[in-house]
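Here is the structure we will look at.
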Protein chains: 2
Amino acid sequence: MYERKIPLNLNCGLDLIGEVLYGKWKIRLLWFINEGHKRPSELQRKISDASRRVLNMQLKELEQHELITKVIYAVVPPKVEYSLTDFGKTLIPIIAALGQWGDDNETRLRSLILKENV
Amino acid sequence: MYERKIPLNLNCGLDLIGEVLYGKWKIRLLWFINEGHKRPSELQRKISDASRRVLNMQLKELEQHELITKVIYAVVPPKVEYSLTDFGKTLIPIIAALGQWGDDNETRLRSLILKENV
DNA sequence: CTGTATCCTACGAGATACTG
DNA sequence: CAGTATCTCGTAGGATACAG
């Protein structure tokens, strides 16, 4: 993907998961795929701030990390679908917990974050 | 902190928590502080790859987000201690889950990650 | 509907050196 | 021991345009 010039150190589980989830949209991609939005165009619509290029890049990384699989249908027009692997599914509860925490503290977080961006 | 030129959008809980945890060392900082390593020099030793400057920046953000508090003791030599707020403590179970997942899949992750950095 | 190639910029983060 | 200032750079990710 990229040639790292900064060495990566993988001491603990936190480092490892950090490596796999690193990327602005990865968590959301996993989440939406889990919800059943499997096609690139759907994902793009859901995450409209990201460009197709970046989405594809991060999807490819998720694939390499064996969290999702990609199926290409030989039809016209082209059709592609992503799915979570069993391995990827084990991440869903954790992502759910993250989202839950954010939802639970929405008001507080919103004001804290906005306060800092004056 | 910085003047954002890229707009931030906070649609869901996932966005919100992402904003708060964004920063290369934040999760680890929270983790180590929770473990009882409260002083800057200790944290620096634990996270020896990060420079003091970056550590301080991220600690300050965590403070602004009310996840930690900072106590400065008026002694010589200077002494500073960070602690989790009650709010910050609510994140610990989630961070623990993240680390656990990483530990559980250590071998697999390690090979996946290394494979990609050839 | 897909994907990739090119170009470009914001910004997170490192290094160093200095003050209290 | 603690903190901040300055300078610098790598790179993730945005924009656009084209190709299967």
Side-chain angles (χ1 to χ4, degrees), chain A residues 1-9 15 18-29 33 37-65 68-82 113 116-117, chain B residues 1-9 15 18-29 33 37-65 68-83 116-117:
Chain A
M1 210 77 32
Y2 295 98
E3 250 197 73
R4 289 178 183 276
K5 304 205 172 169
I6 296 176
L8 67 147
N9 55 325
D15 296 324
E19 197 61 31
V20 160
L21 291 185
Y22 194 66
K24 196 169 180 179
W25 312 104
K26 281 192 190 170
I27 293 186
R28 253 154 299 190
L29 283 171
I33 292 176
H37 305 99
K38 300 160 171 293
R39 303 188 58 183
S41 49
E42 286 181 284
L43 293 170
Q44 166 111 65
R45 226 172 301 128
K46 280 279 177 189
I47 314 181
S48 52
D49 305 300
S51 68
R52 273 301 284 282
R53 178 180 151 277
V54 174
L55 249 34
N56 281 332
M57 282 175 50
Q58 306 212 347
L59 284 166
K60 188 175 292 181
E61 282 184 28
L62 289 173
E63 213 190 333
Q64 289 178 341
H65 290 157
I68 62 175
T69 50
K70 177 182 190 173
V71 178
I72 305 174
Y73 296 90
V75 294
V76 179
K79 176 176 172 182
V80 170
E81 275 191 1
Y82 293 97
I113 293 170
E116 126 194 3
N117 285 283
Chain B
M1 209 76 34
Y2 296 96
E3 249 195 77
R4 286 178 183 277
K5 307 205 171 169
I6 297 174
L8 66 149
N9 57 326
D15 296 324
E19 197 60 32
V20 159
L21 290 186
Y22 195 67
K24 195 168 178 181
W25 312 104
K26 280 191 190 169
I27 293 186
R28 254 155 296 191
L29 283 171
I33 292 175
H37 305 100
K38 299 158 171 294
R39 303 187 57 179
S41 48
E42 284 180 285
L43 293 169
Q44 166 108 69
R45 225 171 304 128
K46 279 280 176 189
I47 314 180
S48 51
D49 305 300
S51 69
R52 272 301 282 283
R53 178 180 153 278
V54 174
L55 248 33
N56 282 332
M57 283 175 52
Q58 307 213 344
L59 285 165
K60 190 176 291 180
E61 283 184 26
L62 290 173
E63 212 189 332
Q64 290 177 341
H65 291 156
I68 62 173
T69 50
K70 176 181 188 174
V71 178
I72 305 175
Y73 295 91
V75 295
V76 179
K79 177 178 173 181
V80 170
E81 274 191 2
Y82 293 97
S83 309
E116 128 194 1
N117 285 282

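Just so it is clear: chains get the letters A, B, ... in the order the sequence lines come, proteins before strands, and each one is counted from 1.
Of the listed nucleotides (dG14(C), dT4(C), dA12(D)), dG14(C) has the atom at the smallest distance from the side chain of Ala50(B). Among the nucleotides dA13(C), dC1(D), dG14(D), the one closest to any side-chain atom of Gln58(B) is dA13(C). Of all nucleotides listed (dG13(D), dC1(C), dG3(C)), dG13(D) comes nearest to the side chain of Val54(A).
Between the CD atom in Glu63(B) and the NZ atom in Lys70(B) there is a gap of 6.0 Å [rounded to 0.5 Å]. The line from CZ of Arg28(B) to CG of Asp49(B) is 8.5 Å long, rounded to the nearest 0.5 Å. If you take CD1 on Ile33(A) and NZ on Lys46(A), they are separated by 13.0 Å, rounding to the nearest 0.5 Å. Considering CG of Leu62(A) and OG1 of Thr69(A), their distance stands at 11.5 Å, rounded to 0.5 Å. Taking CG from Leu29(A) and CD1 from Ile47(A), the interatomic distance works out to 4.0 Å, rounded to the nearest 0.5 Å.
Atom pair Arg39(B):CZ and dC1(D):P shows a separation of 8 Å (rounding to whole Å applied). Protein atom CG of Leu55(A) is 14 Å distant from nucleotide atom P of dC1(C), rounded to whole Å. The interatomic distance linking Glu19(B) (CD) with dC11(C) (P) rounds to 12 Å, in whole Å. The nearest whole Å value for the distance from the CE atom in Met57(B) to the P atom in dG14(C) is 10 Å. Atom-to-atom, CG of Leu59(B) to P of dG3(D) comes out at 8 Å; the value is rounded to the nearest Å. Rounded to an integer number of Å, the gap from Glu63(B) CD to dG3(D) P is 10 Å. The CG atom of Asn56(B) sits 14 Å away from the P atom of dA13(C) (whole-angstrom rounding). dG13(D) atom P lies 12 Å from atom CD1 of Ile27(A), rounded to whole Å.
For Lys26(A), the side chain to side chain donor-acceptor pair (under 3.5 Å) test picks out Glu61(A), with sequence neighbours left out. With sequence neighbours excluded, the residues satisfying side chain to side chain contact (heavy atoms under 4.5 Å, CB included) with Val71(A) are Tyr73(A). Not a single side chain to side chain donor-acceptor pair (under 3.5 Å) links Asn56(A) to another residue, sequence neighbours left out. Here Val54(B) pairs with Trp25(B), Ser51(B), Gln58(B) under the side chain to side chain contact (heavy atoms under 4.5 Å, CB included) rule; sequence neighbours left out. Listed by chain and number, the residues in a side chain to side chain contact (heavy atoms under 4.5 Å, CB included) with Arg39(B) are Ser41(B), Glu42(B), Lys79(B), Glu81(B) (sequence neighbours excluded).
Defining each end axis of the helix from dC1(C)-dG20(D) to dG20(C)-dC1(D) as the rotation carrying four pairs' C1' atoms onto the next four, with five pairs an end, the two axes are found to diverge by 40° to 10 degrees.
Lys26(B) comes within 4.0 angstrom of nothing in the nucleic acid, heavy atoms only.
When the nearest nucleotides of DNA chain D are assigned to Pro40(B) and Tyr22(B) by heavy-atom distance, the more 5′-ward of the two goes with Pro40(B).
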Atom pairs, protein N/O to nucleotides 16-20 of chain D N/O, distance under 3.5 Å:
none

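OP1 or OP2 of dG14(D) has at least one side-chain nitrogen or oxygen of Lys24(A) nearer than 4.0 Å. Contact check, Lys60(B) against dT4(D): a side-chain N or O comes under 4.0 Å of OP1 or OP2.
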